[in-house]
Amino acid sequence: MQKQLSKTYEPSEAEARIYADWERGGYFHAQIDSEKQPYTIVIPPPNITGQLHMGHALDNTLQDILIRWKRMMGYSALWLPGTDHASIATEAKIVARMKEEGLTKEDLGREGFLKRAWEWKEVYGGRIIQQLKKLGSSCDWERERFTLDEGCNRAVNTVFVRLYEKGLIYRGERMINWCPHCLTSISDAEVEYTEKEGHFWHLRYPFSDGSGDIQVATTRPETMLGDTAVAVNPEDERYTAFIGKTVILPLVGREIPIIADSYVEKDFGTGAVKITPAHDPNDFEVGIRHGLPVINVMTEEAVINENGGKYAGLSRFDARKSVLADLDAGGFLLKTEPMKHNVGVCYRCQTVVEPLISKQWFVKMAPLAAPAVEAVKKGETRFVPERFGKIYLHWMENIRDWCISRQLWWGHRIPAYYCGCGEVIVSARKITGCPKCGGKVTRDPDTLDTWFSSALWPFSTLGWPENTEDFNYFYPTDTLVTMYDIIFFWVARMIFSGLEHTGQVPFKTVFIHGMMRDELGRKMSKSLGNGPDPLEEIEKYGADALRFSLVTGNSPGNDMRYYAEKVEASRNFANKLWNAARFILMNLGENPPPPYLPDDLRIEDKWVLSKFNRVAGEINENLEKFELGLAVEKIHNFAWDVFCDWYIEVSKTRLREDGQAVENVAAVLVWVMNGIARLLHPFMPFITEEIWQTLPHTGETVMLAPYPQFDPALDFSAAEQNFERIMAAIQAIRNLRAEMKVPPSKKAHVTIATEFGELFEACAPYITRLASASGVTVAKSFSGEGYARAVTPDAVAYLPVDELCDPAAETARLQKELDSARAQLATVNAKLQNESFTQKAPPTVVENQRETAKRLEQVIKKAQEALNSLGSSV
RNA sequence: GGACGCAUAGCUCAGCUGGUUAGAGCGCUCGCUUCACACGCGAGAGGUCCACGGUUCGAGUCCGUGUGUGUCCACCA
């Protein structure tokens with residue numbers, strides 16, 4: 001049965017249908033198969049609150065390309081999907097929604113709130129999954145997971161208990177980063193530093209004995225309410241006499257000491273620093289070293305508390321103004337200078353974080369980081385591009401303990417219980433009574449950092465801590481595909497977690513891509529509204545076009561701009577393929593042609609097969625090296641420039657011949673088109689399936705068809721070279737005609753003088769067709785009087801000159817060609833005459849240059865002859 | 001204060017371990033209803049590969065310095 005294809009490809013109609021067929025066929029499902037090698041990718045789980053954006057589109061396109069390629073290579077390829085509960089982000093959204101209804105978390109209580117959160121998950125968790133499907137993602141949906149599901153919870157509890165028992169998780173009172181908006185602690189990694197215009201205020205603290213004062217400088221004057229010392233550098237001669245003295249803290253009246261600590265830099269500010277142990281990480285350390293009192297002057301909302309005296313109740317920023325005004329009034333403010341300084345903000349809500357002392361749970365990092373450093377140094381896990389490995393190592397080598405407890409409800413609850421007797425019980429199973437005294441225990445109200453559960457994602461999703469078949473077969477995973485912004489948050493933590501809990505790295509390669517930016521190079525953001533919606537683009541151009549445009553020109557680790565024009569170009573390419581397939585289909589008889597007969601292959605058949613073969617080999621190499629941008633460019637060039645522009649054009653002549661010639665050319669057309677469909681399938685999954693299904697094929701789906709590989713039997717370099725002689729002649733004739741402004745409708749009889757008589761004779765019909773000739777005569781030589789000449793290294797084509805051709809222009813044209821060839825030859829000869837070149841350069845390179853020289857000499861000879869005969873004829 | 005990326009055609013970008021006449025897409029110019037495709041066909045124009053120095057027979061590619069630009073890390077109050 002022959003199927004007729006419409007003139008333009010309609011992706012919106014085809015994609016949904018094809019995706020449904022794939023799902024129905026179960027092709028996404030990876031089977032455990034001891035005959036096959038596994039290839040595993042776990043998805044970076046998108047947030048349940050999220051909507052698909054261009055960054056997701058890129059990330060998932062890259063993953064899908066790799067997984068589809070490996071699947072076609074015969075691997076048991078598993079792409080394991082899922083979503084992330086994203087504790088802070090999700091909780092914040094739910095709280096905001098509740099606020100619109102006039103509700104607070106406390107109104108609902110923990111149970112009620114969690115019920116709402118799970119409802120939210122049900123509504124929105126599925127949304128992004130549907131969007132991933134629109135992109136064509138071939139995830140194994142039967143294995144879909146959620147970071148807060150039961151299995152992940154089991155893994156989290158197991159890990160927590162295990163680390164606790166090893167002493168790698170501890171609870172303690174430390175200075176942590178606190179977000180006064182999210183009302184939770186956050187880790188160091190979750191603080192972003194932004195440079196802000198601030199001030200440097202110089203203050204005067206009078207000595208208690210009235211003998212003068214000492215000047216300090218600060219960017220946060222409101223914290224002076226909690227000052228418990230002034231520190232100077234012990235080496236600083238200006239101040240050595242004052243060490244041990246005390247000052248009276250202005251506005252507060254507290255007597256505080258002047259201490260010496262080498263942390264203070266002599267040359268910065270005034271050389272004397274006010275010390276607020278409760279509100280600055282450095283001051284905290286200084287406080288410990290000197291046994292200073294810690295006076296917390298702020299609430300969790302960053303409002304001055306009762307320790308702040310008259311300023312109690314003011315926000316930290318209002319308190320700053322008020323304190324400054326009072327200091328100024330009291331003559332304590334000496335100088336105000338503008339200063340740029342780094343301010344830490346919460347990565348979720350951009351609120352300025354407040355360093356606070358608080359009792360939290362921590363992961364002790366040093367013992368976990370050491371093997372994670374080693375693994376990357378030894379190359380057990382490799383970063384692509386490599387430079388990100390250095391960034392990872394630098395971070396890992398300087399890591400500090402990880403604050404993992406969060407004062408949130410949406411997340412994995414910390415499996416720790418406290419008894420009135422002072423006993424702390426950490427248990428994966430719920431407990432009710434204290435094992436020591438039998439008293440009632442209360443569970444820690446806090447939850448864990450979202451990234452604590454994502455850190456386990458590569459193995460928790462495969463069934464760990466159970467010793468499952470999936471885990472044994474698919475772990476460690478192969479490739480992790482993600483953007484550079486979450487190397488610390490996620491990648492690093494997966495690596496040390498994998499090593500600690502499974503004894504193996506969680507993945508062999510980390511493939512890092514850049515950020516999608518808008519057409520002006522700006523970051524895409526919701527507030528700017530500059531991020532095109534991938535779903536709209538898919539609707540408009542098709543998922544294939546979007547995917548293709550996202551990998552074209554993409555190089556690992558580099559950012560990329562989004563251009564609708566680029567997607568349009570990709571859409572045009574898809575349409576080009578569509579029409580190539582249409583052309584083939586229109587020319588097939590009732591029955592599919594039998595495979596081509598190798599002995600009957602003509603030169604152009606060998607040419608196209610050889611080209612295809614080489615490109616297939618190269619593309620596999622590129623994919624192996626994660627050079628997806630290069631791979632996609634090669635397929636594009638082959639399909640368009642080689643196959644469509646030349647082979648199909650040549651085939652048109654042959655399809656009008658009889659018998660075996662037709663069958664064979666049809667067979668080659670089908671073979672190559674089928675090959676293109678397979679080669680391109682990972683990049684453009686939908687249209688390639690549609691084309692593959694329409695043309696003769698074996699198998700159910702192109703998804704499971706073998707990926708083209710280099711085949712030595714298809715390497716016809718001699719034929720390639722010969723057909724290129726023909727192509728060169730055709731191009732030269734076209735060029736000549738264009739310069740003479742001859743319209744294509746005006747055919748001319750072409751005479752070709754060449755040494756390759758047999759070759760040109762055989763290809764004469766193609767030359768006739770592709771060079772707009774009325775006919776072709778091949779000769780050993782030709783006098784050429786009154787003719788224009790198209791010169792190639794192997795032939796001179798003569799076109800009859802009529803009134804359209806200006807002999808003077810023709811002379812100039814030939815002269816130009818001659819000059820250019822001579823100039824090139826001069827540089828090549830210079831190289832060849834250079835002895836150090838011929839001696840030191842690799843033989844192949846020298847040989848190359850020799851051939852180039854030969855070719856150029858030919859051109860010069862031919863052009864010279866042509867010029868001479870033209871001269872004689874004018 | 002460290003570390004890193006980028007600087008190549010009008011625009012956006014490729015260019016792997018040094019050797020091609022430096023490429024692509026878009027844009028531009030000229031010509032074309034050539035029986036798959038105007039989402040097309042054919043022919044073109046357009047580049048001191050940021051600057052300077054070095055290594056080499058040979059550098060867009062490697063090294064150094066500088067300029068511009070971007071990012072990450074870092075406790076200078």
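The shown structure was predicted, so the numbers you read here are calculated from the model rather than taken from an experiment. Any value given below was found using the heavy atoms of this structure, including those in side chains, with hydrogens, waters and symmetry copies removed. Per chain, numbering begins at 1; letters A, B, ... match sequence-line order.
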When you measure from the side-chain N and O atoms of [X] to the phosphate of [N], is any distance below 4.0 Å, counting only OP1 and OP2?
X: A/Arg561; N: B/C13; answer: yes
X: A/Asn848; N: B/G19; answer: no
X: A/Asn558; N: B/A14; answer: yes
X: A/Asn735; N: B/G44; answer: yes

What integer number of Å spans the [atom1] atoms of [N] and [M]?
N: B/C37; M: B/U29; atom1: P; value: 26 Å
N: B/G64; M: B/G46; atom1: P; value: 36 Å
N: B/G10; M: B/C28; atom1: P; value: 15 Å
N: B/C57; M: B/G15; atom1: P; value: 28 Å
N: B/A36; M: B/G25; atom1: C1'; value: 23 Å
N: B/C11; M: B/C75; atom1: C1'; value: 44 Å
N: B/A22; M: B/U65; atom1: C1'; value: 26 Å
N: B/C30; M: B/A45; atom1: P; value: 15 Å

Here's a test of your reading of the structure: between A/Ile391 and A/His341, which maps to the more 5' nucleotide of RNA chain B?
A/Ile391
5'-most by nearest nucleotide on RNA chain B - A/Phe488 or A/Asn622
A/Asn622
When Watson-Crick pairs (N1 to N3 and N6-O4 or O6-N4) and G-U wobble pairs (N1-O2 and O6-N3) count only below 3.5 Å on both distances, what is the dot-bracket string of RNA chain B, with | for other-strand pairs?
(((((((..((((.....[...)))).(((((.......))))).....(((((..]....))))))))))))....
Could you tell me how the ring of [X] sits relative to the ring of [Y]: parallel (under 30°), tilted (30 to 60°) or perpendicular (over 60°)?
X: A/Phe388; Y: A/Tyr484; value: parallel
X: A/Phe573; Y: A/His636; value: tilted
X: A/Phe638; Y: A/Phe643; value: parallel

Can A/His513 and A/Asn554 be said to form a side chain to side chain donor-acceptor pair (under 3.5 Å), step by step?
CA-CA 9 Å; A/His513 62 253; A/Asn554 182 297; over 6 Å; no
Taking any heavy-atom pair under 4.0 Å as a contact, classify [X]: base, sugar-phosphate, or nothing.
X: A/Lys566; answer: nothing
X: A/Ala569; answer: sugar-phosphate
X: A/Trp201; answer: nothing

What nucleotide, of [options], holds the atom closest to the side chain of [X]?
X: A/Met339; options: B/G23, B/C32, B/A77; value: B/A77
X: A/Ala738; options: B/A36, B/C76, B/A43; value: B/A43
X: A/Thr218; options: B/C76, B/C57, B/A77; value: B/A77
X: A/Arg734; options: B/U21, B/A43, B/G23; value: B/A43
X: A/Lys741; options: B/C26, B/C30, B/C35; value: B/C30
X: A/Cys644; options: B/A36, B/C39, B/A77; value: B/A36

Should the pair A/Glu354-A/Arg220 be classified as a salt bridge under the 4.0 Å nitrogen-to-oxygen rule?
yes
When only distance counts, do a donor and an acceptor, one from the side chain of [X] and one from the base of [N], lie under 3.5 Å apart?
X: A/Lys576; N: B/C37; answer: yes
X: A/Lys390; N: B/A3; answer: no
X: A/Arg855; N: B/U21; answer: yes
X: A/Glu627; N: B/A14; answer: no
X: A/Lys625; N: B/C16; answer: yes
X: A/Arg571; N: B/C39; answer: yes

Verify ring pair (Phe, Tyr, Trp, His ring centres under 6.0 Å) between A/Phe200 and A/Phe268, making sure each step is shown before the conclusion.
CA-CA 11 Å; A/Phe200 207 29; A/Phe268 188 80; 5.6 Å; yes
With a cut-off of under 6.0 Å to the ring centre and 45° to the axis, is A/Lys652 in cation-pi contact with A/Phe583?
yes
